[in-house]
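First up is the structure itself, then whatever we jot down about it.
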Amino acid sequence: MTERISLTRYLVEQQRVHGRIPPQLRLLVEVVARACKRISFAVNKGDLGDVMGTAGTENVQGEVQKKLDIIANEVLIEANEWGGHLAAMASEEMDGIYVVPNRFPQGEYLLMFDPLDGSSNIDVNVSIGTIFSVLHKHHDDPTTDEPVTEADFLQPGHQQVAAGYCIYGPQTTLVLTVGDGVAMFTLDREQGSFVLTRENIRIPEDTKEFAINMSNMRHWDAPVRRYIDECLQGKEGPRGKDFNMRWIASMVADVHRILMRGGIFMYPWDKREPNKPGKLRLMYEANPMGWLVEQAGGAATNGRQRILDIQPAQLHERVSVILGSKNEVDRVTSYHSGI
Ligand SMILES: O=P(O)(O)OC[C@H]1O[C@](O)(COP(=O)(O)O)[C@@H](O)[C@@H]1O
Ligand SMILES: [Mg+2]
Ligand SMILES: [Mg+2]
(Lines give C-alpha, C1' and ligand atoms only; values in the text may rest on other atoms or scores of the structure.)
(Ligands and ions follow the chains in the order given, each with its own letter.)
Protein backbone atom coordinates (compact mmCIF):
# COMPACT_ATOMS: atom_id res chain seq x y z
CA MET A 1 0.00 0.00 0.00
CA THR A 2 1.30 3.46 -0.83
CA GLU A 3 2.07 5.70 2.11
CA ARG A 4 -0.71 8.10 3.09
CA ILE A 5 0.29 11.71 3.55
CA SER A 6 -2.05 13.76 5.69
CA LEU A 7 -2.63 17.48 5.18
CA THR A 8 -0.83 18.12 8.47
CA ARG A 9 2.25 16.20 7.35
CA TYR A 10 2.18 17.89 3.94
CA LEU A 11 2.07 21.32 5.59
CA VAL A 12 4.79 20.47 8.12
CA GLU A 13 7.01 19.39 5.22
CA GLN A 14 6.20 22.59 3.34
CA GLN A 15 7.32 24.47 6.44
CA ARG A 16 10.30 22.48 7.75
CA VAL A 17 11.71 20.66 4.73
CA HIS A 18 11.03 23.12 1.92
CA GLY A 19 10.85 26.33 3.99
CA ARG A 20 7.94 27.53 1.84
CA ILE A 21 5.59 28.60 4.63
CA PRO A 22 6.11 29.98 8.13
CA PRO A 23 4.63 28.07 11.11
CA GLN A 24 1.80 30.59 11.60
CA LEU A 25 0.59 30.12 8.05
CA ARG A 26 0.72 26.35 8.44
CA LEU A 27 -1.48 26.58 11.55
CA LEU A 28 -3.88 28.91 9.77
CA VAL A 29 -4.38 26.54 6.84
CA GLU A 30 -4.88 23.62 9.25
CA VAL A 31 -7.58 25.57 11.10
CA VAL A 32 -9.35 26.46 7.84
CA ALA A 33 -9.25 22.77 6.87
CA ARG A 34 -10.74 21.76 10.23
CA ALA A 35 -13.52 24.29 9.76
CA CYS A 36 -14.19 22.90 6.26
CA LYS A 37 -14.45 19.42 7.77
CA ARG A 38 -17.16 20.69 10.13
CA ILE A 39 -18.97 22.43 7.27
CA SER A 40 -18.79 19.20 5.26
CA PHE A 41 -20.53 17.32 8.07
CA ALA A 42 -23.23 20.01 8.30
CA VAL A 43 -23.74 19.90 4.50
CA ASN A 44 -24.06 16.10 4.63
CA LYS A 45 -26.86 16.26 7.20
CA GLY A 46 -29.24 17.82 4.69
CA ASP A 47 -32.84 17.34 5.74
CA LEU A 48 -31.69 15.39 8.81
CA GLY A 49 -30.37 18.61 10.36
CA ASP A 50 -31.60 22.17 10.53
CA VAL A 51 -29.40 23.23 7.62
CA MET A 52 -31.62 23.52 4.55
CA GLY A 53 -33.59 26.46 3.22
CA THR A 54 -33.29 30.21 3.63
CA ALA A 55 -32.40 32.05 6.80
CA GLY A 56 -34.76 34.94 6.06
CA THR A 57 -31.94 37.52 5.93
CA GLU A 58 -29.93 39.28 3.23
CA ASN A 59 -26.18 39.85 2.99
CA VAL A 60 -24.46 43.13 2.10
CA GLN A 61 -24.82 42.33 -1.59
CA GLY A 62 -28.62 42.06 -1.26
CA GLU A 63 -28.62 38.28 -1.73
CA VAL A 64 -30.96 36.09 0.31
CA GLN A 65 -28.89 34.11 2.81
CA LYS A 66 -29.35 30.37 3.15
CA LYS A 67 -29.06 28.73 6.56
CA LEU A 68 -25.85 27.03 5.41
CA ASP A 69 -24.33 30.38 4.31
CA ILE A 70 -24.67 31.53 7.91
CA ILE A 71 -23.64 28.25 9.52
CA ALA A 72 -20.51 28.02 7.35
CA ASN A 73 -19.63 31.64 8.09
CA GLU A 74 -19.96 31.08 11.85
CA VAL A 75 -17.91 27.88 11.76
CA LEU A 76 -15.07 29.64 9.93
CA ILE A 77 -15.12 32.66 12.24
CA GLU A 78 -15.24 30.61 15.43
CA ALA A 79 -12.49 28.19 14.38
CA ASN A 80 -10.19 30.91 13.14
CA GLU A 81 -10.54 33.40 15.97
CA TRP A 82 -9.33 30.71 18.39
CA GLY A 83 -6.76 28.94 16.32
CA GLY A 84 -6.01 30.95 13.23
CA HIS A 85 -3.46 33.45 14.63
CA LEU A 86 -5.08 36.12 12.51
CA ALA A 87 -5.38 39.88 12.53
CA ALA A 88 -8.77 40.02 10.80
CA MET A 89 -11.23 38.23 8.55
CA ALA A 90 -13.63 39.23 5.80
CA SER A 91 -16.44 37.23 4.26
CA GLU A 92 -19.09 37.39 1.57
CA GLU A 93 -21.64 37.16 4.38
CA MET A 94 -20.34 40.09 6.49
CA ASP A 95 -20.62 43.77 5.58
CA GLY A 96 -17.30 44.91 7.05
CA ILE A 97 -14.12 43.27 8.24
CA TYR A 98 -13.99 41.29 11.49
CA VAL A 99 -10.98 42.32 13.55
CA VAL A 100 -9.99 39.44 15.82
CA PRO A 101 -10.44 40.71 19.42
CA ASN A 102 -7.39 40.87 21.69
CA ARG A 103 -8.55 37.98 23.87
CA PHE A 104 -7.80 35.61 20.98
CA PRO A 105 -4.34 34.67 19.66
CA GLN A 106 -3.16 37.47 17.37
CA GLY A 107 -1.24 37.09 14.14
CA GLU A 108 -0.07 38.77 11.00
CA TYR A 109 -2.49 37.31 8.45
CA LEU A 110 -5.79 38.33 6.92
CA LEU A 111 -8.26 35.63 5.94
CA MET A 112 -11.03 36.13 3.39
CA PHE A 113 -13.66 33.61 2.44
CA ASP A 114 -16.79 32.77 0.56
CA PRO A 115 -18.09 30.43 3.28
CA LEU A 116 -20.58 28.67 1.03
CA ASP A 117 -20.18 28.98 -2.70
CA GLY A 118 -22.99 27.85 -4.98
CA SER A 119 -25.75 28.52 -2.46
CA SER A 120 -28.48 27.91 -5.04
CA ASN A 121 -27.35 24.27 -5.16
CA ILE A 122 -27.65 23.52 -1.43
CA ASP A 123 -31.29 22.51 -1.48
CA VAL A 124 -30.97 20.38 -4.62
CA ASN A 125 -28.05 18.25 -3.39
CA VAL A 126 -25.49 19.45 -5.94
CA SER A 127 -21.82 20.21 -5.20
CA ILE A 128 -21.04 23.37 -3.24
CA GLY A 129 -17.90 24.61 -1.51
CA THR A 130 -15.88 27.05 0.59
CA ILE A 131 -13.32 29.37 -1.03
CA PHE A 132 -10.52 31.09 0.94
CA SER A 133 -7.65 33.50 0.43
CA VAL A 134 -4.86 34.58 2.81
CA LEU A 135 -2.92 37.85 2.72
CA HIS A 136 -0.26 39.46 4.92
CA LYS A 137 -1.66 42.13 7.26
CA HIS A 138 0.62 44.98 6.33
CA HIS A 139 2.15 43.83 3.12
CA ASP A 140 4.07 47.03 2.48
CA ASP A 141 5.35 47.49 6.02
CA PRO A 142 5.29 44.25 8.06
CA THR A 143 6.95 45.95 11.05
CA THR A 144 4.16 48.45 11.75
CA ASP A 145 1.87 47.98 14.76
CA GLU A 146 -0.97 50.05 13.28
CA PRO A 147 -4.41 48.53 13.88
CA VAL A 148 -5.74 46.60 10.93
CA THR A 149 -8.33 48.33 8.71
CA GLU A 150 -10.34 47.48 5.63
CA ALA A 151 -7.70 49.24 3.52
CA ASP A 152 -5.19 46.53 4.52
CA PHE A 153 -7.33 43.97 2.70
CA LEU A 154 -7.27 45.87 -0.58
CA GLN A 155 -4.26 44.08 -2.06
CA PRO A 156 -4.01 42.63 -5.56
CA GLY A 157 -4.32 38.85 -5.78
CA HIS A 158 -0.65 38.28 -6.64
CA GLN A 159 0.09 39.13 -2.99
CA GLN A 160 -1.86 36.12 -1.68
CA VAL A 161 0.24 33.77 0.46
CA ALA A 162 -2.21 30.85 0.49
CA ALA A 163 -5.48 30.15 -1.30
CA GLY A 164 -7.80 27.27 -1.88
CA TYR A 165 -11.23 25.81 -1.72
CA CYS A 166 -12.99 22.82 -0.25
CA ILE A 167 -15.60 21.16 -2.45
CA TYR A 168 -18.49 19.31 -0.81
CA GLY A 169 -19.42 16.89 -3.56
CA PRO A 170 -19.48 13.10 -3.91
CA GLN A 171 -16.14 13.48 -2.11
CA THR A 172 -15.03 16.33 0.13
CA THR A 173 -11.78 17.60 -1.36
CA LEU A 174 -9.55 20.42 -0.18
CA VAL A 175 -7.53 22.07 -2.94
CA LEU A 176 -4.61 24.25 -1.90
CA THR A 177 -1.80 26.42 -3.15
CA VAL A 178 0.90 28.17 -1.17
CA GLY A 179 2.59 29.30 -4.38
CA ASP A 180 4.26 26.05 -5.28
CA GLY A 181 1.71 24.27 -7.45
CA VAL A 182 -1.69 22.87 -6.56
CA ALA A 183 -2.30 19.91 -4.25
CA MET A 184 -5.56 18.06 -3.51
CA PHE A 185 -6.55 16.34 -0.27
CA THR A 186 -9.55 14.03 0.02
CA LEU A 187 -11.39 13.80 3.33
CA ASP A 188 -11.20 10.30 4.76
CA ARG A 189 -14.35 10.28 6.90
CA GLU A 190 -13.38 7.14 8.80
CA GLN A 191 -10.02 8.57 9.84
CA GLY A 192 -11.34 12.14 10.08
CA SER A 193 -8.40 13.58 8.16
CA PHE A 194 -7.57 15.08 4.77
CA VAL A 195 -5.24 12.80 2.78
CA LEU A 196 -3.03 13.98 -0.09
CA THR A 197 -4.51 12.42 -3.23
CA ARG A 198 -3.09 14.53 -6.10
CA GLU A 199 -0.12 16.84 -6.53
CA ASN A 200 1.26 19.10 -9.25
CA ILE A 201 -2.12 19.49 -10.91
CA ARG A 202 -1.80 20.70 -14.53
CA ILE A 203 -4.61 22.16 -16.64
CA PRO A 204 -4.27 21.22 -20.33
CA GLU A 205 -3.60 24.34 -22.43
CA ASP A 206 -6.30 23.45 -24.95
CA THR A 207 -9.84 22.33 -24.35
CA LYS A 208 -13.14 21.49 -26.04
CA GLU A 209 -15.32 22.32 -23.04
CA PHE A 210 -16.72 25.68 -21.96
CA ALA A 211 -18.73 26.74 -18.90
CA ILE A 212 -20.96 29.80 -19.03
CA ASN A 213 -24.57 30.53 -18.10
CA MET A 214 -25.99 30.49 -21.63
CA SER A 215 -29.29 32.00 -20.52
CA ASN A 216 -27.50 35.35 -20.34
CA MET A 217 -26.34 35.21 -23.96
CA ARG A 218 -28.43 38.14 -25.15
CA HIS A 219 -26.87 40.34 -22.47
CA TRP A 220 -23.21 39.58 -23.26
CA ASP A 221 -20.68 41.89 -24.81
CA ALA A 222 -19.45 41.26 -28.39
CA PRO A 223 -16.16 39.43 -27.56
CA VAL A 224 -17.86 36.82 -25.36
CA ARG A 225 -20.64 36.35 -27.93
CA ARG A 226 -18.06 35.89 -30.66
CA TYR A 227 -16.12 33.28 -28.66
CA ILE A 228 -19.18 31.22 -27.73
CA ASP A 229 -20.67 31.58 -31.19
CA GLU A 230 -17.48 30.15 -32.70
CA CYS A 231 -17.54 27.25 -30.20
CA LEU A 232 -21.17 26.50 -31.07
CA GLN A 233 -20.38 26.28 -34.78
CA GLY A 234 -18.26 23.22 -33.92
CA LYS A 235 -16.45 21.30 -36.66
CA GLU A 236 -18.06 23.41 -39.39
CA GLY A 237 -16.95 26.71 -37.82
CA PRO A 238 -13.64 28.57 -37.50
CA ARG A 239 -12.51 26.42 -34.55
CA GLY A 240 -12.82 23.21 -36.58
CA LYS A 241 -13.86 21.11 -33.57
CA ASP A 242 -17.00 20.34 -31.58
CA PHE A 243 -17.29 21.78 -28.07
CA ASN A 244 -19.07 20.43 -25.02
CA MET A 245 -20.75 22.61 -22.38
CA ARG A 246 -21.08 22.35 -18.59
CA TRP A 247 -22.59 24.80 -16.07
CA ILE A 248 -22.97 23.71 -12.46
CA ALA A 249 -23.69 27.19 -11.00
CA SER A 250 -21.18 26.55 -8.20
CA MET A 251 -17.89 28.18 -9.12
CA VAL A 252 -16.04 25.67 -6.93
CA ALA A 253 -17.49 22.75 -8.86
CA ASP A 254 -16.84 24.32 -12.27
CA VAL A 255 -13.25 25.25 -11.32
CA HIS A 256 -12.67 21.81 -9.82
CA ARG A 257 -13.66 20.17 -13.10
CA ILE A 258 -11.29 22.50 -14.96
CA LEU A 259 -8.40 21.61 -12.62
CA MET A 260 -9.14 17.92 -13.19
CA ARG A 261 -9.62 17.85 -16.96
CA GLY A 262 -9.32 21.35 -18.42
CA GLY A 263 -11.91 23.74 -19.79
CA ILE A 264 -12.79 27.42 -19.75
CA PHE A 265 -15.08 29.11 -17.22
CA MET A 266 -16.64 32.52 -17.82
CA TYR A 267 -18.85 34.77 -15.78
CA PRO A 268 -18.46 37.93 -17.83
CA TRP A 269 -19.82 41.43 -17.40
CA ASP A 270 -23.28 41.65 -18.95
CA LYS A 271 -25.92 44.24 -19.70
CA ARG A 272 -28.34 43.18 -16.96
CA GLU A 273 -26.48 45.32 -14.43
CA PRO A 274 -24.18 47.43 -16.59
CA ASN A 275 -22.72 49.35 -13.66
CA LYS A 276 -21.38 46.20 -12.02
CA PRO A 277 -18.14 44.81 -13.46
CA GLY A 278 -19.48 41.27 -13.07
CA LYS A 279 -21.28 38.93 -10.68
CA LEU A 280 -18.40 37.19 -8.96
CA ARG A 281 -16.43 38.78 -6.15
CA LEU A 282 -12.77 39.63 -6.69
CA MET A 283 -11.31 39.17 -3.22
CA TYR A 284 -12.74 35.83 -2.11
CA GLU A 285 -13.84 34.18 -5.37
CA ALA A 286 -11.82 35.35 -8.40
CA ASN A 287 -8.45 35.93 -6.70
CA PRO A 288 -8.09 32.57 -4.93
CA MET A 289 -9.47 30.69 -7.95
CA GLY A 290 -7.32 32.74 -10.33
CA TRP A 291 -4.19 31.92 -8.37
CA LEU A 292 -5.00 28.19 -8.20
CA VAL A 293 -5.63 28.13 -11.94
CA GLU A 294 -2.37 29.96 -12.69
CA GLN A 295 -0.48 27.65 -10.34
CA ALA A 296 -1.82 24.75 -12.42
CA GLY A 297 -0.60 26.32 -15.67
CA GLY A 298 -3.88 27.98 -16.67
CA ALA A 299 -4.79 31.66 -16.98
CA ALA A 300 -7.32 34.03 -15.40
CA THR A 301 -8.32 37.47 -16.74
CA ASN A 302 -11.22 39.89 -16.71
CA GLY A 303 -10.96 40.13 -20.50
CA ARG A 304 -8.47 42.97 -20.36
CA GLN A 305 -6.19 42.30 -17.44
CA ARG A 306 -4.78 39.45 -15.37
CA ILE A 307 -7.18 38.96 -12.43
CA LEU A 308 -4.27 38.81 -9.95
CA ASP A 309 -3.03 42.27 -11.01
CA ILE A 310 -6.31 44.09 -10.35
CA GLN A 311 -5.96 46.64 -7.56
CA PRO A 312 -9.16 46.31 -5.50
CA ALA A 313 -10.97 49.45 -4.40
CA GLN A 314 -13.57 47.71 -2.23
CA LEU A 315 -13.84 44.61 -0.08
CA HIS A 316 -16.86 43.24 -1.94
CA GLU A 317 -15.72 44.37 -5.38
CA ARG A 318 -17.10 42.42 -8.31
CA VAL A 319 -15.22 41.35 -11.39
CA SER A 320 -15.69 39.78 -14.79
CA VAL A 321 -14.04 36.34 -14.80
CA ILE A 322 -12.52 34.26 -17.61
CA LEU A 323 -10.33 31.41 -16.41
CA GLY A 324 -9.04 27.96 -17.25
CA SER A 325 -7.11 26.41 -20.14
CA LYS A 326 -4.49 28.94 -21.16
CA ASN A 327 -4.93 29.02 -24.92
CA GLU A 328 -8.71 29.50 -24.66
CA VAL A 329 -8.43 32.25 -22.03
CA ASP A 330 -5.81 34.00 -24.19
CA ARG A 331 -8.18 33.77 -27.16
CA VAL A 332 -11.16 35.32 -25.33
CA THR A 333 -8.88 37.99 -23.86
CA SER A 334 -7.53 38.82 -27.33
CA TYR A 335 -11.11 39.24 -28.59
CA HIS A 336 -11.49 42.06 -26.03
CA SER A 337 -8.55 44.09 -27.26
CA GLY A 338 -9.43 47.12 -29.29
CA ILE A 339 -13.01 47.52 -28.05
O1 LIG B 1 -26.95 31.39 -11.06
P2 LIG B 1 -25.91 31.99 -11.96
O3 LIG B 1 -26.22 33.40 -12.38
O4 LIG B 1 -25.57 31.10 -13.11
O5 LIG B 1 -24.60 32.16 -11.05
C6 LIG B 1 -23.79 31.09 -10.68
C7 LIG B 1 -22.57 31.64 -10.00
O8 LIG B 1 -22.94 32.29 -8.79
C9 LIG B 1 -22.22 31.78 -7.69
O10 LIG B 1 -23.02 30.83 -7.08
C11 LIG B 1 -21.91 32.84 -6.67
O12 LIG B 1 -21.53 32.30 -5.43
P13 LIG B 1 -22.42 32.36 -4.05
O14 LIG B 1 -23.33 31.17 -3.99
O15 LIG B 1 -21.32 32.31 -3.05
O16 LIG B 1 -23.16 33.67 -4.07
C17 LIG B 1 -21.01 31.08 -8.32
O18 LIG B 1 -20.53 30.06 -7.52
C19 LIG B 1 -21.57 30.57 -9.63
O20 LIG B 1 -20.59 30.44 -10.64
MG1 LIG C 1 -19.60 32.25 -4.29
MG1 LIG D 1 -21.30 32.27 -0.99
Side-chain angles (χ1 to χ4, degrees), residues 32 35-36 39 42-43 51-55 57-77 89-95 111-133 163-169 175 209-220 224 228 245-259 263-273 276-290 292-293 300 302 307 315-324:
V32 171
C36 289
I39 296 168
V43 166
V51 299
M52 305 285 268
T54 59
T57 47
E58 279 189 1
N59 66 14
V60 65
Q61 359 235 350
E63 297 159 341
V64 174
Q65 289 176 304
K66 299 278 175 126
K67 283 184 191 164
L68 262 179
D69 287 323
I70 294 176
I71 293 168
N73 195 58
E74 281 170 1
V75 167
L76 281 155
I77 298 280
M89 295 179 245
S91 157
E92 181 189 6
E93 304 305 336
M94 301 190 297
D95 301 8
L111 174 66
M112 279 169 294
F113 43 84
D114 175 355
L116 218 290
D117 177 65
S119 304
S120 70
N121 281 324
I122 295 171
D123 294 343
V124 292
N125 204 353
V126 170
S127 298
I128 49 182
T130 297
I131 311 173
F132 64 93
S133 162
Y165 64 82
C166 188
I167 179 167
Y168 313 114
V175 180
E209 196 162 68
F210 65 83
I212 192 166
N213 186 336
M214 289 288 289
S215 69
N216 297 324
M217 191 172 206
R218 69 190 187 284
H219 306 296
W220 297 336
V224 175
I228 295 297
M245 194 201 93
R246 287 285 185 273
W247 185 250
I248 302 174
S250 292
M251 189 193 199
V252 270
D254 280 310
V255 170
H256 193 69
R257 185 190 58 255
I258 287 171
L259 285 169
I264 180 167
F265 168 94
M266 288 182 277
Y267 210 122
W269 170 92
D270 69 47
K271 294 187 190 103
R272 284 173 301 167
E273 293 186 284
K276 286 188 186 160
K279 175 179 180 181
L280 300 179
R281 276 54 57 110
L282 174 62
M283 307 287 291
Y284 41 82
E285 290 182 317
N287 274 343
M289 293 311 208
L292 284 167
V293 165
N302 66 356
I307 297 270
L315 199 55
H316 298 289
E317 184 161 325
R318 291 175 190 261
V319 65
S320 183
V321 175
I322 300 159
L323 60 76

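Start at 1 and go down the list; that is how both ligands and their atoms are numbered.
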Atom name in Glu92, limited to N/O/S, at shortest distance from the Mg ion (ligand 3): OE1

Shortest-distance N, O or S atom of Asp114 relative to the Mg ion (ligand 3): OD1

To which protein heavy atom is [atom] closest, and what is the distance rounded to 0.1 Å?
atom                    : value
atom 12 (O) of ligand 1 : Asp117 OD1, 3.0 Å
atom 10 (O) of ligand 1 : Ala249 O, 3.5 Å
atom 3 (O) of ligand 1  : Tyr267 OH, 2.6 Å
atom 4 (O) of ligand 1  : Asn213 ND2, 2.7 Å

Metal check, the Mg ion (ligand 3) vs Leu116 N/O/S, cut-off below 2.8 Å: yes

Phe265 and Trp247 aromatic ring geometry - parallel, tilted or perpendicular at 30°/60° bounds: parallel

Ligand 1 contact on Asp254 by region, counting heavy-atom pairs under 4.0 Å: neither

For ligand 1, the portion of Ser119 having any non-hydrogen atom under 4.0 Å away: both

Identity of the nearest option to atom 20 (O) of ligand 1, non-hydrogen atoms only, from Met251, Arg281, Lys279: Met251

Nitrogen or oxygen of Val252 less than 3.5 angstrom from that of ligand 1: no

